[in-house]
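Below is one structure, written out as structure tokens; the observations come after it.
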Amino acid sequence: MRKIFAGALMLLASLPLMAWQGDVTIETPNTQMLLTAKEGGDLQQSYYGDKSATLQQLRDAGADLSFHALPAFGTVDAVHTPALQVQHFDGDLNLELRVTDYSKNDDGKAVVHTFTMQDKLLPFTVKVFYKAYKNVDVIETWTEIVHQEKKTITLKRFDSGHLVLRQGDAWITHLHGNWAAETQVTSEPLTQGMKTIRNSDGTRNSHLDAPEIMLSLDGQPQELCGRTIGLALCWSGNYELRVNTISHKEHHVYAGIDPTASEYVLEPKEVFETPHVALAYSNEGMSGVSRIFHRWARTEGWLHRGMQTGDILLNSWEGIYLDITEEKIIKMMDDIAAFGGELFVMDDGWFGNKYPRKVDNSSLGDWVVDKQKLPNGIKALTDAAKQRKIKFGIWIEPEMTNTVSELYEQHPDWVLQRPGRELRQGRGGTQVVLDMTNPKVQDFVFSIVDNLMTEYPEIAYIKWDANAPIQNYGSLYLPKTKQNNLNVDYHKGLIKTLERIRAKYPNLVIQDCASGGGRANYGLLPYFDEFWVSDNTDALQRVYMQYGTSLFFPANAMASHINHCPYWNTGKRTIPVKFRCDVAMSGRLGIELQPSQMTDEERRQCTTCFADYKQLRPIVQTGDIYRLISPYDRKGVASQLFTKGNDGAVLFVYKIENFYDQPLPRIRLAGLNPDKTYTLTEKNVAVGQKPCQLNGKTFTGRFLMDVGIEVPLWEEYASRVFLIK
């Protein structure tokens, strides 16, 4: 589905057929996957982990190596569950896949192994791909399905990958949540039976459950030690992750598109490519897996921003909501410039002609400037930003419209709907989703960005939102016989549109927002530079949410903003501005409030924060993460460290519980050179206070990692940030 792989796949297709009998080793720098691919036989997967095993050693040790790499319905027994099931043109539900070809291609950065399998009876072909990177310990796997049967067939289940692990004291860590409470970490032992994690929102797939999991093979998950596997399904739509634990035998892990209401009708010769599944293995615990995923995302094209850092910005939403005027916007630009910020983003409320966007029940789709609010247009704002030596950004919601809009009046057939059934409407009682399967809608969505950038090339940043699920299951574009293709084809159309945007505007910074963190996934991040973690910016809850998010996503992808206080969703809880700043500094720093309402202390602290963050930013946003103490461990504090070679390290410590005579843990660092000497410098010191007694002190790396430091955290919501050089 991604153009990045097209060249490699063409090369693979051009290689001559080869015969072989034997074992195949798929290698990254420190890990391997072992398979057996006998021509005319089944493709079998035997091992995934470090390089301490060979297939012969596993055989000699009595291991069961007869696991289907892609178990198909009609081949696997009733105890196992299939990863692939089809209904042939004649109604047959069975597959008997046999290996007919194996090839591999080195594209310089990775080696792609391709196994071709065909059904014994019917002209049905599956290619199973494994892409092993040379510079990072990630293996991606996916499939391509094609047939030459007489009529269409139906893909009833089409998982991207299957992994087998020997049963033991294995635990699963997954991310569950809700709007304004995303990515809450749940860890639990894998017991006998089926564990299923899925999402069926339609447009946003990471609000309730996220399409990533970690598997700890040595008991309860640990951050810095223990054999751990990470799995991420690189898909933006509905998905299903399953772990089937068979009594006294093994764990079978499946990942793919959720087949519920998505059984895909496939034409003869049409190629269906499943999403990629990324696998990472580390014996350095969950933080070890996170570091692998972060490097893979930044260096292998799965995060559009790559190794670049993001600007410090002010977003207008929680400051003025929809009450946008030119005067208010320019005043907010003055404020962010005075703080030392680098970018201002005008959020929702700037558009609409016949239906001005005054409340959230109209105007989506009518992307023209509301001249009542902005009499001098967007050009006046980009000019004002330039005068203040900051950049300008803007909010859009391209995939949605309101039934109260000129777009809906002109093109009611462009929204998802089923004729004869009542149109269910979301936010504001009028919001509906455009039909991204329709090429005309794709052209329209592309034109929203293209028109803005053509008329206002000074726009440096776009916040792309998506605030509605698919509630009306039906497409006027898709034929009646292919309505089940909607959930998949919607996201294919979205990705096709994003590819067009990126081809023309590769340097435009685009934020992926979906009612907060609803689209934090590697299906879309190749086209986005960052994502909005949550609509909830309360600093205490962000400690928990950003901890969970960091399991798979790097800091330069995580938008983290300083908020006003008391906050709208936490009642009268008052969190000091320093704590709010320190939490926001652990991601791509921004601010989400009305600066004119800030106290003098808040303004001074934010100015200090911004100045210090510019020094820390390269380490935080592009360094390696070590999560030292989890907020879920209930030790009263949470702590994480970012390291980056000779640039040093940045340590964050947050006090998240407060009691009299409270025992707090000593902070032991990680990822340092034990034989080097390091100096601690406290950053973002609280207004009116002096640095703590650790400031300027020097320690060996061995002491910092083996013994640790006593970080002073006396007050409620105390926090400290240290640069370690």
From CG (N244) to NE2 (H162), nearest 0.5 Å: 8.5 Å
From E223 atom CD to M286 atom CE, the distance as rounded to the nearest 0.5 Å: 4.0 Å
Salt-bridge contact D512-R519 (side-chain N to carboxylate O under 4.0 Å): no
Salt-bridge present (E530, R305; N to O < 4.0 Å): yes
F531 ring center within less than 6.0 Å of W464 ring center: no
Greater than 12 external heavy atoms within 6.0 Å of R573's CZ: yes
side-chain contact (heavy atoms from CB on, under 4.5 Å) between L279 and V277, intermediate numbers included: CA-CA 7 Å; L279 297 167; V277 175; 4.3 Å; yes
Flag, side chain of T599 to backbone of E602, donor-acceptor distance under 3.5 Å: yes
Side-chain (D582) to main-chain (M585) donor-acceptor, under 3.5 angstrom: no
Exercise: do T186 and H174 side chains pair donor with acceptor under 3.5 Å: no
Cation-pi, W532 ring and R588 (6.0 angstrom, 45 degrees): no
Flag for S515-R204: side-chain donor and acceptor within less than 3.5 Å: yes
L704 vs R668, side-chain contact (heavy atoms from CB on, under 4.5 Å): CA-CA, chis, key distance, verdict: CA-CA 6 Å; L704 290 171; R668 295 171 58 198; over 6 Å; no
Modelled atom types, side-chain donor and acceptor of D50 and S52, under 3.5 Å: yes
Charged N-O contact under 4.0 Å between R295 and E300: no
Given Q640, H294, R627, the one that forms side-chain hydrogen bond (donor to acceptor under 3.5 Å, both in side chains) with S550: R627
Contact summary for R720 and C692, nearest pair of heavy atoms: NH1-CB, 3.6 Å
Pair N30, D137: side-chain N/O donor-acceptor within cut-off below 3.5 Å: yes
Presence of salt bridge, R702 and D675, under 4.0 angstrom: yes
CG on L616 to OG1 on T681, rounded to 0.5 Å: 10.0 Å
Any side-chain donor near an acceptor of the partner, Y567 and Q541, under 3.5 Å: no
Polar side-chain atom of H176 near backbone of L208 as donor-acceptor pair, under 3.5 Å: yes
Shortest non-hydrogen contact between F610 and G341, atoms and distance: CD2-N, 3.7 Å
Side chain D529, main chain I510, donor-acceptor under 3.5 Å: yes
Intermediate values then yes/no, ring pair (Phe, Tyr, Trp, His ring centres under 6.0 Å), W296 and F552: CA-CA 10 Å; W296 166 78; F552 287 90; 9.6 Å; no
Shortest non-hydrogen separation from W714 to N658 and the atoms involved: O-OD1, 4.0 Å
Steps toward ring pair (Phe, Tyr, Trp, His ring centres under 6.0 Å) verdict (F528, H304): CA-CA 5 Å; F528 289 88; H304 186 266; 9.0 Å; no
Pair Y613, Q621: side-chain N/O donor-acceptor within cut-off below 3.5 Å: yes
Charged N-O contact under 4.0 Å between E710 and R666: yes
K655 side chain vs L713 backbone, donor-acceptor pair below 3.5 Å: yes
E182 to M545 - nearest heavy-atom pair and separation: O-CG, 3.0 Å
Rounded distance [0.5 Å steps], OG in S187 versus OH in Y632: 9.5 Å
Ring centers of F293, F553 separated by less than 6.0 Å: no
Close side-chain approach of I625 and L641, heavy atoms under 4.5 Å: no
T574 side chain reached by Y717 side chain, heavy atoms, under 4.5 Å: no
Backbone of I619 reached by a side-chain donor or acceptor of T622 within 3.5 Å: no
Donor + acceptor pair across side chains of T698, Y678 (<3.5 Å): no
Pair K195 + E188, salt bridge at N-O below 4.0 Å: yes
Check: S216 side chain, D218 main-chain N or O, donor-acceptor pair, under 3.5 Å: no
Where T141 and G161 come nearest, the two heavy atoms and their spacing: CG2-CA, 4.2 Å
Flag if over 12 foreign heavy atoms under 6.0 Å of NZ, K644: yes
Rounded distance (nearest 0.5 Å) linking atom NZ of K249 with atom CZ of F67: 8.5 Å
side-chain contact (heavy atoms from CB on, under 4.5 Å) evaluation trace for V253 with L241: CA-CA 7 Å; V253 186; L241 310 179; over 6 Å; no
Lys/Arg N to Asp/Glu carboxylate O, R242 vs E240, below 4.0 Å: yes
Check: N205 side chain, W235 main-chain N or O, donor-acceptor pair, under 3.5 Å: yes
Any P712 side-chain heavy atom under 4.5 Å of L694 side chain: yes
Under 3.5 Å donor-acceptor, D624 side chain and T643 backbone: no
Any side-chain donor near an acceptor of the partner, Y654 and S639, under 3.5 Å: no
Exercise: do N199 and N238 side chains pair donor with acceptor under 3.5 Å: no
Shortest non-hydrogen contact between K51 and E27, atoms and distance: NZ-OE2, 3.5 Å
Whether T31 side chain and Y281 backbone form a donor-acceptor pair below 3.5 Å: no
Rounded distance [0.5 Å steps], CG in L190 versus CD1 in I172: 5.5 Å
SB check R617 E342 (cutoff 4.0 Å): yes
